[in-house]
Structure formats: structure tokens, C-alpha cells
Peer 1: 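Sharing a structure, written as C-alpha cells. Questions coming.
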Amino acid sequence: PANPSEMLEQHGLEPASPMIETTLRAFYGVPPRPEDIVRWKKIARSSWLGLKRAPWPTKAAGKLIALIGRRGLKTSGLAAPIVVYEALYGQHEQHVAPGTPVHYVVIAPTVRQARESIKSIRALLDSMGVAYDAKEGEITLEGERIISVMTAAEASLRGYAIAVLV
């Protein structure tokens, strides 16, 4: 799959919402479908900032900045699919020394939200039938790929080979 939306589709899953699906497709620079264009006009409006509307991306972005309110599917809709997609299909391990674990990190503001993040990631992996080993705050996938969830207060990222930070 070329993006998280395709990954979900290949496993018989649907994105959390149509707007989340369009956001994922835009973030990965996938050519827009007609319905994406309609949604993008709502998502990418910037008039409140006094800016021009953002055009549809033509290539994958390096950063995603999203202003999403409470209960807006930030964790289960965006963070989990992105971190799982990158861990499974991103091929980041080719950029580190052999045997070096590659980390895919989600930083949550509170312990409660960190637990919710790990729960969402595990649920997605379970629904996709992906084998993993889980312990407190970490999910280890085959091939030295580790999805870590930590709180902002404990986040010390020095010394890790981090491929994705959410």
C-alpha cells in the first residue's frame, strides 16, 4: 500500500471518517478523487489565518499539523494508522545500522491519553491480523520495529533511531 488509507482498505477496514481519509490521502500526496477535492475545500481552508487555501499536495508531506477538536479522532483516526503504516510499510530500517531497533513514537499529553493511544494502535494491529509483542508503553513488531507511546513529561528521545514521531 502507498498510504495508510490503502493499508486499511487492503485489510478490509475503513478510515475513521471521510475527512480523516482525505487528510491521510493528502498527507501522503495521493492524487485526489473528486470527493477528496470537495472535502479538501473544507479541511484546508485558511481564511481565519488570513492565508490562501492550501493546494492539494503533490507529494508526501514531512509534517502534518492538524487543528482537531476534542473527540475528533486524532488518535484512532490519524496517529494509529500513520504510525502502524510507517512501522509496517515505511522501510525505515534500511536507514539504520543492522540490528538497530527503529522506533515509531507517539507522544501523548497525559498517562490516560497514552494508554488510549496504545489501545488504539493495538486494536488496529489486531484487526489487521499483525503479530506483535506488547509490554507497558511499547509494541514490538517483527524486524526490530518498536512502536512506543509515552507522555510528554517522560519523553526523552535522545539515543533512539526514530523514524516517525506523532
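Note that the structure is a prediction, hence the values are computed from the model and not measured. Side chains are part of it too, since the values below use all heavy atoms of this structure and drop only hydrogens, waters and symmetry mates.
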Peer 1: Hey, is the main chain of I82 close enough, under 3.5 Å, to the side chain of E86 for a donor-acceptor pair?
Peer 2: no
Peer 1: Would a single hydrophobic cluster contain both F27 and V84, if residues Ile, Leu, Val, Met, Phe, Trp and Tyr are joined by side-chain heavy-atom contacts under 4.5 Å?
Peer 2: yes
Peer 1: Using modelled atom types only, decide if a donor and an acceptor are shared between the side chain of Y85 and the backbone of L8 within a distance under 3.5 Å.
Peer 2: no
Peer 1: Please give me the minimum heavy-atom distance between A114 and V149, naming the atom from each residue.
Peer 2: O-CG1, 3.4 Å
Peer 1: Within the 3.5 Å criterion, strictly below it, is a donor on T140 or D133 matched to an acceptor on the partner's side chain?
Peer 2: no
Peer 1: Please check if atom CD in Q10 has more than 12 non-hydrogen atoms from other residues, nucleotides or ligands closer than 6.0 Å.
Peer 2: yes
Peer 1: For P31 and R25, which heavy atoms make the closest approach, and how far apart are they?
Peer 2: O-NH2, 2.8 Å
Peer 1: Starting at NZ of K42, measure out to CD1 of I37 and round the result to the nearest 0.5 Å.
Peer 2: 13.5 Å
Peer 1: Rounded to the nearest 0.5 Å, what separation is found between the CD atom of E9 and the OG atom of S5?
Peer 2: 6.5 Å
Peer 1: Are any non-hydrogen side-chain atoms of L124 and L13 less than 4.5 angstrom apart?
Peer 2: yes
Peer 1: Assigning hydrophobic clusters by single linkage (Ile, Leu, Val, Met, Phe, Trp, Tyr; side-chain heavy-atom cutoff under 4.5 Å), is V102 placed with Y89?
Peer 2: yes
Peer 1: Determine yes or no for a side-chain-to-main-chain donor-acceptor pair under 3.5 angstrom, with T100 supplying the side chain and V96 the backbone.
Peer 2: no
Peer 1: Could you tell me whether E142 atom CD has more than 12 heavy atoms of other residues or ligands within 6.0 Å of it?
Peer 2: no
Peer 1: Can a donor-acceptor pair be found, under 3.5 Å and without considering hydrogens, that links the side chain of W40 to the backbone of E35?
Peer 2: no
Peer 1: Just how far is it from atom CD of E93 to atom CD of Q91, taken to the nearest 0.5 Å?
Peer 2: 7.0 Å
Peer 1: Distance-only, no hydrogens or angles: does the T22 side chain make a donor-acceptor pair with backbone N or O of M19 under 3.5 Å?
Peer 2: no
Peer 1: Keeping the roles fixed (side chain from R145, backbone from A87), state whether a donor-acceptor pair exists under 3.5 Å.
Peer 2: yes
